[in-house]
Amino acid sequence: MVQSLRSVLGLALDVSFLGGPQPQRGVGVVAPFDFALDRELWRWVPDEVSLHLTRTPFVPVEVSLDLARLVSEHETLHEAVRALTAVAPEVVAYACTSGSFVGGVAGERAMCAAMTQAGELPSLTTSGALLEALREIGARRIAVVTPYTRSVTDSLEEYLGEAGMTVTGRAYLGLTRHIWKVPYRDVVDMARQAVVGATDALFISCTNLPTYDVIPQLEAELRMPVLSANQVTMWAALKAIGAQAVGPYQALLDPLARSGPAGMSVPPMGGPLPVTDQVVGSVIGAVESVESVVEEPEAALAGAAPPGADGEPADGLDPGFGTGVGEGPYLDDSGGPSPV
């Protein structure tokens with residue numbers, strides 16, 4: 001019937017005029033076995049670039065310094081990178097913050113060298129990308145937010161200190177699992193507690209912690225650049241191949257944002273901002289970005305959702321995780337409440 005209709009109407013199904021598909025450039029990503037935010041990584045990536053993800057083998061260990069060491073062993077990285085070379089990426093990124101800072105600055109460099117040797121292509125890690133991003137925005141005094149336990153957070157502070165950075169304040173949740181379920185409101189609460197005194201920028205650690213939508217809001221509120229683990233990873237990987245990360249009003253991605261109303265500069269004595277085309281554009285970008293986060297205040301920003309039939313709590317966290325900073329029971333390594 002279809003063939004007869006085509007014959008009668010003289011229809012041709014030649015689609016060669018489309019000329020596609022368009023060539024794609026590839027970025028390889030090695031992620032820990034429990035990484036759950038593939039879609040968040042893609043949001044920073046321009047259309048002409050594809051992400052090729054692979055994961056480290058499963059190990060029955062909760063998020064801890066031990067896990068960070070296990071998922072960053074050179075043999076593990078070697079096998080993951082070798083698998084990625086089958087699809088010929090131009091660069092490989094190791095998307096794990098704790099796994100790349102647990103060995104200090106020297107350990108991070110050794111990881112990059114091991115990946116480069118395995119795949120014979122440029123390689124980077126989240127923690128290395130963080131230092132590069134801090135240099136890019138000229139920040140040395142850093143507030144830190146993490147979902148980790150105290151010991152893992154301490155290790156991050158030691159890594160930054162070794163690299164010449166000063167941690168001015170910090171907040172952490174003490175979690176050892178299901179980090180991808182933490183709602184935006186908890187990230188915002190921690191940020192407000194961590195930013196104290198003279199601070200150049202805020203860093204939100206852990207590639208398994210959702211941050212994309214909250215960055216513009218925090219930059220507008222705190223008037224400083226806000227970096228996150230996934231953001232710096234994608235920024236550095238794309239930069240390595242001559243591409244540019246995309247994202248609404250984020251200071252790392254847009255130099256104009258660094259001097260706009262959500263940037264580091266604040267008018268003296270609370271005076272008004274000079275009205276320029278750049279400032280107007282920055283304001284519009286900030287408003288649109290924040291509106292996308294707070295369009296549904298209780299659902300979008302707080303991460304709330306109606307309870308499902310399976311009895312899951314509305315905020316998506318396990319019952320033992322509590323509902324926000326200070327509401328516990330977020331526990332540190334010692335089993336006590338995690339101080340922030």
Side-chain angles (χ1 to χ4, degrees), residues 26-38 41 51-135 146-149 151-165 176-177 179 203 205-209 229-241:
V27 170
V29 178
V30 179
F33 64 89
D34 62 344
F35 180 71
L37 299 183
D38 304 53
L41 292 185
L51 295 183
H52 308 301
L53 276 83
T54 190
R55 284 168 168 76
T56 62
F58 171 80
V59 290
V61 179
E62 292 185 324
V63 177
S64 61
L65 288 175
D66 287 339
L67 179 62
R69 296 185 183 101
L70 286 171
V71 297
S72 60
E73 291 179 343
H74 288 192
E75 183 178 352
T76 297
L77 295 177
H78 184 277
E79 294 303 314
V81 173
R82 289 285 293 169
L84 285 172
T85 58
V87 292
E90 296 179 49
V91 65
V92 170
Y94 176 59
C96 179
T97 327
S98 60
S100 53
F101 67 59
V102 69
V105 172
E108 190 277 332
R109 291 173 181 166
M111 291 176 65
C112 290
M115 291 191 295
T116 298
Q117 182 180 26
E120 297 184 352
L121 73 171
S123 302
L124 58 94
T125 74
T126 297
S127 295
L130 168 60
L131 298 184
E132 184 181 355
L134 292 173
R135 289 190 291 268
T146 88
Y148 312 134
T149 60
S151 61
V152 182
T153 305
D154 287 345
S155 184
L156 171 58
E157 184 169 352
E158 291 166 5
Y159 173 80
L160 289 169
E162 187 182 351
M165 307 297 170
T176 59
R177 59 196 177 107
I179 289 172
F203 174 58
S205 191
C206 189
T207 54
N208 226 5
L209 184 66
N230 284 332
Q231 178 205 46
V232 299
T233 304
M234 288 296 95
W235 169 80
L238 292 165
K239 181 181 177 184
I241 65 171

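The basis for the numbers below is simple: all heavy atoms, side chains too, and nothing from hydrogens, waters or symmetry mates. When a residue number appears, it is its place in the shown sequence, counting from 1.
At distances below 3.5 Å, at least one donor-acceptor pair connects side-chain atoms of T116 with backbone N or O atoms of C112. Judged by distance alone, the side chain of S151 and the main-chain N or O of T149 form no donor-acceptor pair under 3.5 Å. Distance alone, capped at 3.5 Å, places no donor-acceptor pair between the Y94 side chain and the M111 backbone. Looking at D66, its side chain never comes within 3.5 Å of a backbone N or O of V61 through a donor-acceptor pair. Between the N230 side chain and the T207 main chain, a donor and an acceptor come within less than 3.5 Å of each other.
Of all non-hydrogen atoms in A229 and S205, the two that sit nearest each other are CB-C, 4.2 Å. The minimum heavy-atom distance between P32 and T56, with the atom names listed, is CA-OG1, 3.4 Å. Residues S155 and L65 share a closest heavy-atom pair of CB-CD2, 3.8 Å. G26 and H52 make their closest contact through CA-NE2, 3.7 Å (heavy atoms, listed as atom of the first residue, atom of the second, distance). The two residues A237 and A93 come nearest to each other via the heavy atoms CB-CB, 4.3 Å. Annotation for E90 and P122: closest pair O-CD, 3.5 Å, computed over non-hydrogen atoms.
In this structure the side chain of P57 never reaches within 4.5 angstrom of the side chain of F33, judged on heavy atoms. With contacts defined as side-chain heavy-atom distances shorter than 4.5 Å, the pair L156/F203 qualifies. The closest side-chain heavy-atom distance from T76 to V71 is not below 4.5 Å. Residues P89 and L121 meet the side-chain proximity criterion, which asks for heavy atoms closer than 4.5 Å.
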**Request:** Just do the side chain to side chain contact (heavy atoms under 4.5 Å, CB included) check on L160 and L131 with the steps written out, would you?
**Result:** CA-CA 8 Å; L160 289 169; L131 298 184; 4.1 Å; yes
**Item:** CA sep, side-chain torsions, deciding dist, call: L51, M234, side chain to side chain contact (heavy atoms under 4.5 Å, CB included)
**Value:** CA-CA 10 Å; L51 295 183; M234 288 296 95; 3.9 Å; yes
**Request:** With side chain to side chain donor-acceptor pair (under 3.5 Å) as the test, would you mind laying out the steps for T126 and S100 before giving the verdict?
**Result:** CA-CA 7 Å; T126 297; S100 53; 5.0 Å; no
**Message:** For a side chain to side chain contact (heavy atoms under 4.5 Å, CB included) check, start with the C-alpha distance between D34 and N208, then their side-chain angles and the critical distance, and finish with the verdict.
**Reply:** CA-CA 8 Å; D34 62 344; N208 226 5; 4.1 Å; yes
**Request:** Just do the side chain to side chain contact (heavy atoms under 4.5 Å, CB included) check on T97 and L130 with the steps written out, would you?
**Result:** CA-CA 9 Å; T97 327; L130 168 60; 5.5 Å; no
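Between F101 and Y159, the two ring planes are tilted [angle within 30° to 60°].
A distance of 7.5 Å separates CD of E132 from CG of L124, quoted to the nearest 0.5 Å. The CD1 atom of I179 lies 12.0 Å from the CZ atom of F35; values are rounded to the nearest 0.5 Å. If you take CE on M115 and OG on S72, they are separated by 10.5 Å, rounding to the nearest 0.5 Å. Taking SG of C96 as the start and CG of L67 as the end, the distance is 7.5 Å to the nearest 0.5 Å. Between the CD atom in Q117 and the CG atom in L77 there is a gap of 12.0 Å [rounded to 0.5 Å].
Residues S127 and E108 bring no donor and acceptor atom of their side chains to less than 3.5 Å of each other. With 3.5 Å as the limit, one finds a donor-acceptor pair spanning the side chains of T153 and T146.
Shown are T125, L53, V92; of these, the side-chain contact (heavy atoms from CB on, under 4.5 Å) with V30 is made only by V92.
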